[in-house]
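Not measured: the values here are computed from a predicted model. All chains are named by letter (A, B, ...) in the order of the sequence lines, taking the proteins before the strands, and each is independently numbered beginning at 1.
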2 protein chains.
Amino acid sequence: MLGGVADELFKALADPTRRTILDELADRSGQTLFEICGRLSMRHQLGISRQAVSQHLAVLEAAGLVETRREGRYKYHDLNTAPLRQITERWPEPEPEESTP
Amino acid sequence: MLGGVADELFKALADPTRRTILDELADRSGQTLFEICGRLSMRHQLGISRQAVSQHLAVLEAAGLVETRREGRYKYHDLNTAPLRQITERWPEPEPEESTP
DNA sequence: TTGATAGGCAAGTCGTCACTTGCCTATGCT
DNA sequence: AGCATAGGCAAGTGACGACTTGCCTATCAA
């Protein structure tokens with residue numbers, strides 16, 4: 001139970017920079033590492049090294065939130081929101097109180 | 001944007017023990033600190049101190065995931081799943097590709 | 001009032017994680 | 001071939017977070 005697959009998902013979401021990366025991929029899918037670096041520094045004033053972003057992407061990929069496809073020397077990154085559904089499924093909303101008639 | 005309110009939510013979910021606490025509160029709402037301690041050690045083999053659980057509950061409460069009500073010397077803890085909706089709202093599912101006819 | 005129960009506060013330790021630095025591989029252009 | 005671009009690997013550092021330990025407050029029962 002503990003140490004399961006969900007661990008990587010929640011760990012990936014824990015970092016604010018990684019969440020911003022997800023935002024950027026939601027805005028424009030299929031970006032390369034350098035494009036993501038550029039948008040993080042331009043639109044979010046994040047002075048961050050390329051390697052740091054690369055490590056973040058690896059964590060996001062391990063969580064299943066980002067999928068990659070290689071073409072030549074480019075590696076494109078796509079957002080996958082499917083794993084997020086585990087969260088709301090794990091703690092479902094309480095059904096409204098029925099006024100037992 | 002970074003350092004916003006969402007920070008506390010994702011930070012709270014990042015720890016596996018805290019997620020187990022949410023599981024226990026989903027199973028039975030309105031538990032006290034000592035009840036939660038007991039269930040963590042009995043049902044999850046978690047050898048953890050009372051203070052550690054108390055600190056976890058504080059983090060969960062700061063994230064809005066747990067609400068508390070005091071009665072006499074007892075403090076009851078209730079689960080609130082509402083903040084979880086921020087997550088799926090922030091990264092919505094892509095609408096299916098329309099076959100443009 | 002005394003003792004027991006339920007919980008809170010604060011400092012200290014230890015491990016994990018984000019980030020950097022430096023070097024290396026691979027693809028494409030000219 | 002030669003150079004630039006896109007990306008990967010690995011070790012080192014610094015900070016934050018989880019947990020413990022020790023002591024303190026508050027409520028209730030005898």
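One finds no side-chain N or O of A:Lys11 lying less than 4.0 angstrom from the OP1 or OP2 phosphate oxygen of C:dT16. Distances shown here put every side-chain N or O of B:Ser49 at or beyond 4.0 Å from the OP1 or OP2 atom of D:dC19. Within the 4.0 Å cut-off from OP1 or OP2 of C:dC17, not a single side-chain nitrogen or oxygen of A:His56 is found. In terms of phosphate contacts, A:Arg73 brings no side-chain nitrogen or oxygen within less than 4.0 Å of OP1 or OP2 of C:dT25.
Mapping A:Ala14 and B:Arg70 onto DNA chain C via the closest heavy atom, the residue that lands nearer the 5' end is B:Arg70. Each of B:Gly47 and B:Glu71 has a nearest nucleotide on DNA chain D; the 5'-most of these lies closest to B:Gly47. Residue B:Tyr76 is the one, among A:Ile48 and B:Tyr76, whose nearest nucleotide of DNA chain C lies closer to the 5' end (criterion: closest heavy atom).
Rounded to whole Å, the distance from CZ on A:Arg69 to P on D:dG7 is 12 Å. As rounded to whole Å, 9 Å separates atom C1' of D:dG7 from atom CD of A:Gln51. Distance, B:His77 NE2 to C:dG8 C1': 12 Å, rounded to whole Å. B:Arg19 has its CZ atom 14 Å from the C1' atom of D:dA18, to the nearest Å. In this structure, B:Phe34 places its CZ atom 14 Å from P of C:dA4, rounding to the nearest Å. One interatomic measurement links the two molecules: CG of B:Asp15 to P of C:dG15, which rounds to 17 Å at whole-angstrom precision. Between A:Leu57 atom CG and C:dC19 atom P the separation is 12 Å, expressed in whole Å. When the P atom of D:dT27 is taken as reference, atom NZ of B:Lys75 falls 14 Å away, rounded to whole Å.
The minimum heavy-atom distance linking A:Glu8 with A:Ala63 is given by the pair O-CB, 3.4 Å.
A donor-acceptor pair shorter than 3.5 Å can be found between the side chains of B:His44 and B:Glu24.
Although no hydrogens or angles enter the test, the distance criterion places a donor-acceptor pair under 3.5 Å between the side chain of A:Glu35 and the main chain of A:Thr32. Between the side chain of B:Arg19 and the backbone N or O of B:Ala14 there is at least one donor-acceptor pair closer than 3.5 Å. Between the side chain of B:Asn80 and the main chain of B:Glu67, no donor-acceptor pair closer than 3.5 Å is present. The backbone N or O of B:Lys75 lies less than 3.5 Å from no partner atom in the side chain of B:Arg70, so there is not a single donor-acceptor pair.
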Protein-nucleotides 11-14 of chain C N/O pairs under 3.5 Å:
none

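Under the 4.0 Å criterion applied to side-chain N and carboxylate O atoms, A:Asp23 and A:Arg18 are not assigned as salt-bridge partners. Taking 4.0 Å as the cut-off between side-chain N and carboxylate O, A:Arg69 and A:Glu71 count as a salt-bridged pair.
Cluster annotation: A:Val59 is not connected to A:Leu57 through the hydrophobic network of ILVMFWY side chains, with a link wherever side-chain heavy atoms come within less than 4.5 Å.
Axis orientation changes by 20° from one end of the helix from C:dT1-D:dA30 to C:dT30-D:dA1 to the other, with each end axis drawn from 5 pairs and the value rounded to 10°.
For the side chain to side chain contact (heavy atoms under 4.5 Å, CB included) test with B:His77, the passing option among B:Ile21, B:Leu60, B:Leu25 is B:Leu25; the others fail.
Applying the 3.5 Å distance criterion, the base of D:dG8 shares a donor-acceptor pair with the side chain of A:Arg50.
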